[in-house]
Novice: 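Handing you this structure, nothing more for now.
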Amino acid sequence: MKIRKAMVMAAGRGTRMRPLTETIPKPLVRLAGKPLIDHVLDRLAEAGIEEAVVNVYHFADLLEAHLATRRHPRIVISDERAGLLDTGGGTKKALPLLGDEPVLTFNSDSVWVEGLGSNLKALIAAFDAERMDALLMIADAARTIGYVGRGDFTMDPTGLLARRGESTTAPFMFAGVQIVKPALFADGPDGAFSTNLIWDRLIEQGRLYGQRMGGTWMHVGAPDDLAEAEAFLRDL
């Protein structure tokens, strides 16, 4: 199926990226000379996405001014200046802008080096609305730049996802990008909530799937992660 719209998560405070985010929003922090959000929007444009809904909060005026210079994809602002809503609440607020068809959601700090072909195009090609309510782009935790953790998910041979157990590690992690049916968020609570709430419901229903990405994913959450990602890109 064709995916026409994306939601870019750009409204966080960027607390872990301080001091860089004391004067600019995290999506405008530069990686390899380019703002993080432009890495995201360029990927979306390459994959044929026509419209990106971008939520704004921290230094919203600066981010809006930057986005006004973009032509592809077309940018629509979802204003969260009144209060942060987290990923789930932010998506719910943006529902009137997103429409009814499945959309891509994309964290504004999710960047990667491609393997063979386009990960976004592969994700779109793999989405099956009959079987899936959400399809997450999944990275191998062991091959991720800047991530030190215990992983997020296990995945069966069909791509069905399950949570990592409390005291265990898991081989896969969410790479910040998914295709999801927007209607799932309509039933979410009022105010701020995490997309994890939606995922947990889908896991119970056997409707949450993963697509393993190629290449190398970079977790750019803090200044040290940024430095590690810069070094990795320089060495390529």
Side-chain angles (χ1 to χ4, degrees), residues 1-14 25-27 37 40-41 43-44 47-58 60 63-64 67 73-110 120 123-124 126-138 152-153 155 159-163 172-211:
M1 74 182 304
K2 182 161 173 59
I3 306 289
R4 291 186 169 80
K5 290 191 180 187
M7 169 126 191
V8 180
M9 305 294 175
R13 287 194 178 94
K26 184 178 174 184
I37 197 158
V40 169
L41 294 170
R43 288 256 192 255
L44 291 173
I49 299 300
E50 296 163 13
E51 185 172 286
V53 176
V54 182
N55 63 353
V56 297
Y57 170 81
H58 185 57
L63 187 51
E64 284 194 62
L67 293 171
R74 186 168 61 252
I75 305 294
V76 178
I77 299 295
S78 181
D79 192 335
E80 292 184 22
R81 285 175 176 86
L84 265 182
L85 294 168
D86 204 343
T87 53
T91 306
K92 182 178 177 180
K93 183 180 192 299
L95 285 179
L97 306 172
L98 294 173
D100 302 323
E101 296 296 311
V103 297
L104 265 166
T105 75
F106 205 135
N107 293 349
S108 61
D109 59 357
S110 182
L120 280 190
L123 190 74
I124 291 166
F127 183 72
D128 176 0
E130 294 291 313
R131 287 189 302 131
M132 309 167 180
D133 285 334
L135 177 64
L136 280 53
M137 196 169 91
I138 295 294
D152 298 323
F153 296 104
M155 185 162 59
L160 204 57
L161 294 178
R163 291 276 188 198
F172 301 113
M173 58 182 299
F174 175 52
V177 181
Q178 67 174 330
I179 296 172
V180 65
K181 295 175 181 175
L184 296 166
F185 293 86
D187 296 333
D190 292 334
F193 70 94
S194 169
T195 302
N196 280 301
L197 195 68
I198 307 295
W199 290 346
D200 287 340
R201 284 184 198 159
L202 296 185
I203 288 170
E204 284 175 21
Q205 296 162 8
R207 303 280 297 175
L208 187 74
Y209 283 80
Q211 162 89 359

Novice: Check whether any side-chain heavy atom of Pro102 sits under 4.5 Å from a side-chain heavy atom of Val180, and report yes or no.
Specialist: no
Novice: Does Phe193 have any ring-ring contact (aromatic ring centres under 6.0 Å, His included) partners at least two apart in sequence or in another chain, and if so, which?
Specialist: none
Novice: State, with a plain yes or no, whether a side-chain heavy atom of Tyr209 is found less than 4.5 Å away from one of Leu161.
Specialist: no
Novice: Measure the CG-CG distance between Leu136 and Leu202 for me, rounded to the nearest 0.5 Å.
Specialist: 9.0 Å
Novice: For Asp190, check salt bridge (Lys or Arg N to Asp or Glu O under 4.0 Å) against everything at least two apart and list the hits.
Specialist: Lys92
Novice: Could you please spell out the steps behind the salt bridge (Lys or Arg N to Asp or Glu O under 4.0 Å) verdict for Asp200 and Arg163?
Specialist: CA-CA 8 Å; Asp200 287 340; Arg163 291 276 188 198; 2.9 Å; yes
Novice: With sequence neighbours excluded, give me every salt bridge (Lys or Arg N to Asp or Glu O under 4.0 Å) pair touching residues 96-105.
Specialist: none
Novice: To the nearest 0.5 angstrom, please state how far the CD1 atom of Ile179 sits from the CG atom of Leu104.
Specialist: 5.0 Å
Novice: Return the CG to CZ distance between Leu44 and Arg74, rounded to the nearest 0.5 Å.
Specialist: 13.0 Å
Novice: Do Asp152 side-chain atoms and Phe174 backbone N/O form a donor-acceptor pair below 3.5 Å?
Specialist: yes
Novice: Which is it for Asp109 and Val40 under the side chain to side chain contact (heavy atoms under 4.5 Å, CB included) test, yes or no, and what are the steps along the way?
Specialist: CA-CA 8 Å; Asp109 59 357; Val40 169; over 6 Å; no
Novice: Return the set of residues passing side-chain contact (heavy atoms from CB on, under 4.5 Å) with Pro182 (not counting sequence neighbours), or none when no residue passes.
Specialist: Leu95, Val103
Novice: Can you give me every donor-acceptor pair (side chain of residues 77-84, partner residue at least two apart or in another chain, under 3.5 Å) with its distance?
Specialist:
from: Asp79; atom 1: OD1; to: Arg81; atom 2: N; distance (Å): 2.8
from: Asp79; atom 1: OD1; to: Arg81; atom 2: NH1; distance (Å): 3.3
from: Asp79; atom 1: OD2; to: Arg81; atom 2: NH1; distance (Å): 2.6
from: Glu80; atom 1: OE1; to: Leu85; atom 2: N; distance (Å): 3.4
from: Glu80; atom 1: OE2; to: Asn55; atom 2: ND2; distance (Å): 2.9
from: Arg81; atom 1: NH1; to: Glu64; atom 2: OE2; distance (Å): 2.8
from: Arg81; atom 1: NH2; to: Asp61; atom 2: OD1; distance (Å): 2.6
from: Arg81; atom 1: NH2; to: Glu64; atom 2: OE2; distance (Å): 2.6

Novice: Identify, with sequence neighbours excluded, every residue that meets side-chain contact (heavy atoms from CB on, under 4.5 Å) alongside Ala183.
Specialist: none
Novice: Which atom names give the shortest non-hydrogen contact between Ala47 and Ile124, and what distance separates them?
Specialist: O-CD1, 4.3 Å
Novice: What pairs with Ser108 under side chain to side chain donor-acceptor pair (under 3.5 Å), at least two apart in sequence or on another chain?
Specialist: none
Novice: How about Thr105 and Val177: do any of their side-chain heavy atoms sit closer than 4.5 Å?
Specialist: no
Novice: Applying side chain to side chain donor-acceptor pair (under 3.5 Å), can you list everything that pairs with Asp128, at least two apart in sequence or on another chain?
Specialist: Arg131
Novice: Check Gln178 against Trp199 and note the closest heavy-atom contact, atom names and distance.
Specialist: OE1-NE1, 3.1 Å
Novice: Begin from the C-alpha positions of Thr195 and Phe185 and carry the test side chain to side chain contact (heavy atoms under 4.5 Å, CB included) through to its verdict.
Specialist: CA-CA 8 Å; Thr195 302; Phe185 293 86; 3.9 Å; yes
Novice: Nearest 0.5 Å please: distance from the OG1 atom of Thr87 over to the CG atom of Asn107.
Specialist: 7.5 Å
Novice: We want to know whether Arg201 and Asn196 form a side-chain donor-acceptor pair, criterion being a heavy-atom distance below 3.5 angstrom.
Specialist: no
Novice: For Thr91, enumerate each residue passing the side chain to side chain donor-acceptor pair (under 3.5 Å) test, keeping only those at least two apart in sequence or located in another chain.
Specialist: none
Novice: Show which side-chain atoms of residues 1-9 pair as donor or acceptor with protein atoms under 3.5 Å away, not counting sequence neighbours.
Specialist:
from: Lys5; atom 1: NZ; to: Glu51; atom 2: OE2; distance (Å): 3.4
from: Lys5; atom 1: NZ; to: Leu97; atom 2: O; distance (Å): 2.7

Novice: Tell me, please, which residues at least two apart from Lys181 pass salt bridge (Lys or Arg N to Asp or Glu O under 4.0 Å).
Specialist: Asp133
Novice: Who passes ring-ring contact (aromatic ring centres under 6.0 Å, His included) against Phe106, sequence neighbours left out?
Specialist: Trp112
Novice: Using 0.5 Å steps for rounding, measure from the CZ atom of Arg207 to the CG atom of Leu135.
Specialist: 12.0 Å
